Amino acid sequence: MNTDTQHLSGLNKEQKETAIHSDGPLLIVAGAGAGKTKTITHRIVNLIKNGVDPERILAVTFTNKAAKEMRERVIAEIEKNVKGQERIPFVSTFHSLGVYIIKENARLLGLTRYFSILDESESTTLIKEILKEIGIDPKQYDPKKIKNIISREKGKFVQLSDYEEGEKSAYGRMVAQVWNLYEKRKTKENSLDFDDLLLKATKLLKDNAEIRKIYQEKWEYIHIDEYQDTNEVQYLMAKMLAENHKNICVVGDADQNIYSWRGANLKNILSFEKDYPNAKIVLLEENYRSTKNILEAANVVIKKNKYRPDKNLFTKNETGEKIGLYEALEENDEAEFVATKILEILDSSAGLSCRGVSQADEPRGSAPRTRGDSDPEKEEPAELSESENILSSIAVLYRANFQSRALEEAMLRYNIPYQVLGIKFFERKEIKDTLAYLRAALNPDSLSDIKRIINFPTRGIGKTTLAKMFSGEKENLPVKMKIKIDNFYKILEEIREKIKQEKTSQVIKFVVKKSGIENELSSGTEEDIERLENIKELATLALKYDNLENGLGIEKLLEDASLASDQDSLIERGEKKETINAVKLMTVHASKGLEFKYIFVTGLEDGLFPHQKSNEEVGADKEEERRLFYVAITRAKEKLFLSFANFRTIFGSRQINAPSEFISDIPADLLEKEGEKTGIKTIYI
């Protein structure tokens with residue numbers, strides 16, 4: 001074993017203990033801001049320094065942003081500490097891992113390697129079409145609800161046949177019927193949904209001992225991040241991959257389990273010692289992110305939960321400022337407070353008001369704001385001004401998406417550049433249209449993609465023609481119509497040939513020209529011109545895939561686009577390394593794993609945060625809301641602001657609110673009143 005541990009000198013005692021551990025199961029209980037990514041990175045590098053082939057190491061995270069950060073850190077540390085080593089570990093999200101396993105075994109699953117991945121909206125649309133086909137009104141039976149039921153069952157590793165057998169209610173039988181037709185449609189179109197990426201890969205490992213052995217031998221050392229967020233399928237996948245060598249290292253924090261509504265099972269991390277009786281457990285409790293005041297508030301809040309292993313985060317950081325608390329009259333007053341406080345922060349930090357930031361330096365758009373992935377101006381300053389740096393270090397969090405309206409209006413009113421996470425670059429119509437041409441070229445069976453683009457730009461091919469095409473009656477169409485259809489498929493053939501020959505960015509440019517999209521949008525409205533600019537940004541993004549040949553770049557681009565998450569709007573695009581210079585607005589769920597210098601947690605009212613549905617339940621649901629508040633608090637590095645409104649309009653109805661119980665959980669000596677409102681002290685009586 002290599003005794004050189006100089007590369008571990010920057011770790012604390014517990015982090016170092018983790019990094020030098022090699023064989024056998026390891027549970028790392030890592031509190032918020034405890035440097036878990038740094039710790040795992042050094043553990044991986046230490047394995048490589050001690051002779052482990054990097055390609056025998058697997059690291060799995062939950063978001064593309066986390067995977068990108070870990071991959072970059074690992075590569076940097078390998079270059080610095082393991083000279084001459086060019087191979088790197090396999091670092092990906094769970095869904096990307098599923099795609100990898102499925103593509104390598106596509107034929108066994110009755111697929112081609114060019115299968116399409118349906119995003120959430122495409123899956124819901126498909127279910128809506130199926131409901132209509134079987135004579136059920138989608139307005140009476142919500143397609144999204146049915147999709148969520150199917151998704152939840154798949155996450156629990158429940159097969160359709162098992163669901164059909166166990167479901168006796170009329171509604172359940174209807175869901176089973178839709179599910180059955182949904183699977184048949186996807187098979188016909190050579191497509192999978194998000195849940196299939198995990199379910200089919202895991203089922204393949206479970207049912208095929210030979211395939212399972214291949215991957216067990218391929219990855220001898222396995223690392224799973226955010227283990228508390230794994231559902232049953234992810235849990236089974238990780239367990240089967242680690243079955244032989246038992247070299248599984250999981251990182252998690254029961255206090256940050258906030259996804260039970262989408263299948264995350266807290267028992268997976270709580271039962272790790274039962275699954276692996278000889279497991280080593282290391283507790284990372286030193287927080288490197290937040291001030292003492294913020295951390296003390298977080299510790300006090302989370303200790304009220306019963307279903308958690310005991311731990312107490314501490315920090316050597318400074319005491320810091322007290323937590324600001326603002327009592328607003330209503331939501332617009334609350335938004336006004338947030339906006340004016342941001343201006344104060346800018347004034348005190350940079351000597352500039354946000355009004356002094358020129359529009360040329362702001363996110364692009366007709367107004368100084370951006371929703372989701374914004375398009376930067378073609379010419380940006382090489383370095384950000386101090387005020388812009390501060391803008392990017394501020395986040396405003398809320399429990400429900402509807403709360404963003406008042407906040408956005410206030411940002412616009414005060415000319416504050418902002419970005420709303422949750423509206424993704426790849427969800428824009430023009431981007432989905434462009435990608436649909438690529439998907440259809442590689443996968444002509446994808447009727448959903450064909451339907452989307454066959455008449456965009458307009459070719460005079462209507463719904464009646466499409467219906468005849470898809471039912472095998474093309475020969476009965478008029479000659480002129482058949483020529484139009486043949487010309488469309490020739491375009492797809494040419495795109496398919498370009499994919500094999502050209503770099504990814506050049507293929508995008510070819511698609512835009514050959515399809516007629518460029519001509520259609522360039523001669524249209526100002527909004528059309530902006531859509532064309534967005535497609536050009538897609539070509540810029542595609543530059544990073546140009547090093548992949550023989551169509552692999554397009555495959556990877558399509559995969560990344562399909563698996564993009566809310567946080568991916570924070571990942572720099574193309575060759576630019578600057579983040580978007582704007583205040584971030586997002587739900588608390590979307591903030592998981594992120595950190596900001598200044599955090600505003602808004603809407604702290606009983607019934608909103610904690611959410612009303614948690615008050616109707618007992619135990620776990622209520623505790624999850626508290627964990628969610630804990631996550632919100634621990635995003636803040638230097639200053640935390642909390643706010644609530646006495647009145648709030650929800651679904652058109654004005655409601656009187658009581659302050660959230662979470663506020664009264666925080667010791668009064670950690671809080672300071674913001675603004676001139678009165679009545680705050682009554683909270684603590």
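Here the structure is a predicted model, which is why all the values come from computation and not from measurement.
Looking at every heavy atom in both residues, A242 comes nearest to I248 through CB-CB, 3.8 Å. Considering all non-hydrogen atoms of both residues, H245 and Q216 come closest at CD2-O, 3.5 Å. When all heavy atoms of L557 and L541 are compared, the closest pair comes out as CD1-CD2, 3.6 Å. Taking every heavy atom of both residues into account, D253 and A32 meet most closely at OD2-N, 3.9 Å. Closest approach of M237 and L198 over heavy atoms only: CE-O, 4.0 Å. Summarising the geometry of E164 relative to A176, their closest heavy-atom pair is CG-CB, 3.7 Å, with the distance given to 0.1 Å.
Between R212 and D207 there is no salt bridge, since no side-chain nitrogen of the basic residue lies less than 4.0 Å from a carboxylate oxygen of the acidic one. Of the charged side-chain nitrogens involved, at least one lies within less than 4.0 Å of a carboxylate oxygen, so that K432 and D119 count as a salt-bridged pair. Using a cut-off of 4.0 Å between Lys/Arg side-chain N and Asp/Glu carboxylate O, R308 and D255 are scored as salt-bridged. Salt bridge absent: E55 and K218 never bring a charged side-chain N and a carboxylate O closer than 4.0 Å. At a threshold of 4.0 Å, the pair D196-K200 does not count as salt-bridged, since none of the basic side-chain nitrogens sits closer than that to a carboxylate oxygen. Ion pairing between a basic and an acidic side chain is recognised when a charged N comes within 4.0 Å of a carboxylate O; R113 and E104 show no such pairing. A salt bridge is defined here as a Lys NZ or Arg NE, NH1 or NH2 lying under 4.0 Å from an Asp or Glu carboxylate O, and K280 with E17 meets this definition. Between K154 and E183 a salt bridge is recorded (basic side-chain N to carboxylate O distance below 4.0 Å).
In the model, T93 has a side-chain atom that pairs as donor or acceptor with a side-chain atom of S96 under 3.5 Å. For the residue pair N12/Y288, the side-chain donor-acceptor check at 3.5 Å is satisfied. In summary, the side chains of T63 and K68 do not present any donor paired with an acceptor at a separation below 3.5 Å, with no hydrogens or angles considered.
The closest side-chain heavy-atom distance from I117 to D193 is not below 4.5 Å. Here the side chains of I224 and I222 are in contact, with some heavy-atom distance below 4.5 Å. Between N265 and Y235, every side-chain heavy-atom pair lies at or beyond the 4.5 Å cut-off. The shortest distance between side-chain heavy atoms of S116 and E189 does not fall below 4.5 Å.
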When you look at Y437 and V507, which way does the side chain to side chain contact (heavy atoms under 4.5 Å, CB included) test go after all the steps? CA-CA 11 Å; Y437 271 97; V507 173; over 6 Å; no
Show, in sequence, the C-alpha distance, side-chain angles and deciding distance for Y259 and F62, and conclude whether the ring-ring contact (aromatic ring centres under 6.0 Å, His included) test is met. CA-CA 12 Å; Y259 293 114; F62 270 80; 7.8 Å; no
Do Y545 and D560 pass the side-chain hydrogen bond (donor to acceptor under 3.5 Å, both in side chains) test, and can you show the C-alpha distance, the side-chain angles, and the key distance before you say yes or no? CA-CA 11 Å; Y545 301 93; D560 288 351; 2.6 Å; yes
Salt bridge (charged side-chain N to carboxylate O under 4.0 Å, His left out) between K213 and E210: does it pass, once the steps are laid out? CA-CA 5 Å; K213 185 178 179 182; E210 187 176 337; over 6 Å; no
Between K36 and E226, is the salt bridge (charged side-chain N to carboxylate O under 4.0 Å, His left out) condition met? List the steps. CA-CA 10 Å; K36 64 172 183 173; E226 304 287 7; 2.6 Å; yes
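Each of R439, R185, K128 was evaluated against E122; a single residue qualifies, R439, per the salt bridge (Lys or Arg N to Asp or Glu O under 4.0 Å) test.
The backbone N or O of I258 lies less than 3.5 Å from a partner atom in the side chain of H589, making a donor-acceptor pair. Panel note: side chain N268, backbone T230; a donor-acceptor pair is recorded below 3.5 Å. No donor-acceptor distance shorter than 3.5 angstrom exists from the side chain of S446 to the backbone of N443, with no hydrogens or angles considered. Panel note: side chain R87, backbone P54; no donor-acceptor pair is recorded below 3.5 Å. In this structure a side-chain-to-backbone donor-acceptor pair under 3.5 Å is missing from S151 to K147. The closest donor-acceptor contact from the side chain of N550 to the backbone of L552 lies at 3.5 Å or more, if one exists at all. The backbone N or O of T504 lies less than 3.5 Å from a partner atom in the side chain of D546, making a donor-acceptor pair. With hydrogens and angles ignored, the 3.5 Å screen pairs a side-chain donor or acceptor of R635 with a backbone N or O of L594. In this structure, the side chain of R43 does not engage the main chain of H223 through any donor-acceptor pair within 3.5 Å. Formation of a donor-acceptor pair under 3.5 Å by the K38 side chain with backbone atoms of G10 is found in this model.
The 12-atom threshold is not exceeded at NZ of K203, counting heavy atoms of other residues, nucleotides or ligands nearer than 6.0 Å. Taking a 6.0 Å sphere around NZ of K503, one finds it holds 12 or fewer heavy atoms contributed by other residues, nucleotides or ligands. Heavy atoms of other residues, nucleotides or ligands lying less than 6.0 angstrom from CD of Q501 number more than 12.
Considering only residues two or more places apart in sequence or on other chains, K80 meets the salt bridge (Lys or Arg N to Asp or Glu O under 4.0 Å) condition with E77. Every residue was checked against the side chain to side chain donor-acceptor pair (under 3.5 Å) condition with Y276, not counting sequence neighbours, and none meets it. In this structure, R496 has no salt bridge (Lys or Arg N to Asp or Glu O under 4.0 Å) partners at least two apart in sequence or on a different chain.
Judged by the 6.0 Å and 45° rule, K498 forms a cation-pi pair with F510. Both cation-pi conditions hold for K186 and Y182: the charged atom is under 6.0 angstrom from the six-membered ring centre and inside a 45 degree cone around its axis.
We find the CG-OG distance between L118 and S562 to be 8.5 Å, quoted to the nearest 0.5 Å. One distance of note links CZ of F90 with CZ of R71; it measures 8.5 Å at 0.5 Å rounding. A distance of 6.5 Å separates OG in S92 from CG in L58, rounded to the nearest 0.5 Å. One finds the CZ atom of R152 at 14.5 Å from the CD atom of E232 (value rounded to the nearest 0.5 Å). If you take CG on D310 and CG on N305, they are separated by 12.0 Å, rounding to the nearest 0.5 Å. Note: T187 OG1 to K184 NZ = 9.5 Å, rounded to the nearest 0.5 Å.
Taking the six-membered ring for Trp and thresholds of 30 and 60 degrees, W179 and Y163 have ring planes inclined between 30 and 60 degrees apart. A perpendicular orientation is assigned to the rings of Y215 and Y100, their planes being inclined by more than 60° (bins at 30° and 60°).
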